[in-house]
Amino acid sequence: MKISVIGTGYVGLATATVFAELGNEVIGADIDKGKIDKLNKGIMPIFEPGLKELVKRNLKEKRLRFTHNNKEAIEHAEVIFICVGTPPKANGETDLKYVEAVAKEIAQSMNSYKIIVHKSTVPVETGEMVKRIVKVNVKQNIDFDIVSNPEFLREGTAIKDTMEPDRIVIGADSKKAIEIMKKLYSQIKAPLVITDIKSAELIKHASNAFLATKISFINAVSQICGLSGANVERVAEGMGYDKRIVRAFLNAGIGYGGFCFPKDIQAFIKIAEKYGYDFQLLKATHNINEEQKLNFIKKVKKVLRNIEDKTIGVLGLSFKPDTDDMRFAPSIFIISELQKENAKIKAYDPEAMEKAKLILNDVEFCTDPYEVAKDADVLLILTEWNEFKEMDIKKIKSLMKKPLIIDGRNIYNPEDMLREGFSYISIGRKDVI
Ligand code: UDX
């Protein structure tokens, strides 16, 4: 099938590449010419495992190409995926200006029947808005259908999640569009949820809100564990065997970050407000997430007493492992709060340092964890990269001023750390000091 994907961020790139891999003729379009030129040469704008190889293969096989000319992409395809950004406005609402602009462009360049699919996370009723924009701007009387087909991929596993999704959601009110979408997805084995457009839009926001709430729930429980001397890991394990609960997303830590959960939770609260519903549960989810970062900072202050002029080593900057994405990473807030009290920050991240350098000021960026540890008063683990789980802990100890680790991701066993001679503070588990 002939497909176009407008917007080549995480979602757009993964969508375009996977549909090309499945044998379709795909054009990926983006207004960023520099990015398009690089993509056509096989240079990726993001770090995402497996993406580069797949893009290169499909470019070579001529199933995939990239353009900065949206018109070309619109004319090419029968199915057009809108994958442009849906950033937050200052008040937390979703800014739909990019979706609106693309809808208008599609209307103006439409040359035959098109299925216009929105994959980006958008508020319920965006499908109706897109339909209105296309109707008003279309030049001739050309037929089209609107589909909501939300994407659930995670950064770091974007290709796998797109190839092997837990489910495929198709929201549409046209039989023709549903049949074409089913055909497009026929090679991917996953339960199909066929529904109306609004329900499909809500499935996405409700799923992200539920997952974020699960994280905040275990983070709240971790506070009780910490105060009572219980172990949050064991609590999560014991809860997780219940088939209705499941262990995934019960990792206590320093709160969720990234470009999805923080903004989607705020957006969903705003959507509810628009309909006159006060989504108190989600407000609590957000507040607990903010508190979790503050509680971590409190731990640092409590153990160091005076932060001024202390050397604080930070391991991990990205919002989670296997990505170089720094957007809404908890590390940004934690580092800036510590800097306010004149702490000296040294940091290392396996992938996110280039992006971190554009955001963080007055940080000494190091080439590995050992350089961070050298003469540090404390090491903070902010992202659970495998590299940190496999560090030579004896070497780390020998380099530090005092062997003290505050682990925001619970990557070590407290007893092991005690045996190694460390003072070790983690989340929702007994401190060993
Ligand atoms: C998320 C959703 O999982 C995905 O379905 C959606 O399409 C986009 O948003 P992503 O932002 O890539 O994906 O990251 P995810 O792996 O879900 O993690 C989000 C945040 O939650 C990270 O900061 C992570 O550290 C945190 N998290 C996750 C926890 O703190 N504890 C957990 O148990 C799981």
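Keep in mind that what you see is a predicted model, and the values were worked out from it rather than measured. Residue indices begin at 1 and follow the sequence shown. One-based numbering, in listed order, for ligands and for the atoms of each.
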Centroid-centroid distance, Phe365 to Tyr348, less than 6.0 Å: no
Pair Tyr185 + Phe19: ring centers closer than 6.0 Å: yes
Proximal candidate to atom 6 (C) of ligand 1 [heavy atom criterion; set Glu151, Lys204, Lys263, Arg154]: Lys204
Flag for Gln223-Glu291: side-chain donor and acceptor within less than 3.5 Å: no
Has [X] got any heavy atom lying under 4.0 angstrom from an atom of ligand 1?
{"X": "Gly253", "value": "no"}
{"X": "Lys214", "value": "no"}
{"X": "Gly258", "value": "no"}
{"X": "Arg409", "value": "yes"}

Under-4.0 Å heavy-atom contact with ligand 1, by part of Asn208 that carries it: side chain
For ligand 1, the portion of Thr323 having any non-hydrogen atom under 4.0 Å away: neither
Report the nearest protein non-hydrogen atom to [atom]: residue, atom name, distance rounded to 0.1 Å.
{"atom": "atom 27 (N) of ligand 1", "value": "Ile215 CD1, 3.4 Å"}
{"atom": "atom 31 (N) of ligand 1", "value": "Asn251 O, 2.9 Å"}
{"atom": "atom 1 (C) of ligand 1", "value": "Phe261 CE2, 3.6 Å"}
{"atom": "atom 8 (C) of ligand 1", "value": "Cys260 SG, 3.1 Å"}
{"atom": "atom 22 (C) of ligand 1", "value": "Phe319 CD1, 3.6 Å"}
{"atom": "atom 18 (O) of ligand 1", "value": "Lys320 CD, 4.0 Å"}
{"atom": "atom 17 (O) of ligand 1", "value": "Phe249 CZ, 3.2 Å"}
{"atom": "atom 5 (O) of ligand 1", "value": "Phe152 O, 2.7 Å"}

Option among Val122, Val117, Ile116 that satisfies the side chain to side chain contact (heavy atoms under 4.5 Å, CB included) test with Ile82: Ile116
For Glu155, atoms of ligand 1 separated by under 4.0 Å from a heavy atom: 12 (O)
Per-atom contacts of ligand 1 with Tyr256, taking only distances under 4.0 Å to non-hydrogen atoms: 20 (C), 21 (O), 23 (O), 26 (C)
Charged tip of Lys263 within 45° of Phe259 ring normal and under 6.0 Å: yes
Nearest-0.5 Å distance that lies between atom CE in Met353 and atom SG in Cys366: 7.5 Å
Residue pair Glu233, Asn410: steps toward the side chain to side chain donor-acceptor pair (under 3.5 Å) verdict: CA-CA 9 Å; Glu233 303 285 316; Asn410 288 356; 2.9 Å; yes
Show the nearest heavy-atom pair for residues [X] and [Y], with the distance to one decimal.
{"X": "Ile288", "Y": "Ser216", "answer": "CG2-O, 3.4 Å"}
{"X": "Gln339", "Y": "Asp362", "answer": "NE2-O, 3.4 Å"}
{"X": "Thr86", "Y": "Thr121", "answer": "OG1-O, 3.0 Å"}

Criterion side chain to side chain donor-acceptor pair (under 3.5 Å) on Asp407 and Tyr424, from CA distance to verdict: CA-CA 7 Å; Asp407 182 356; Tyr424 178 72; 2.5 Å; yes
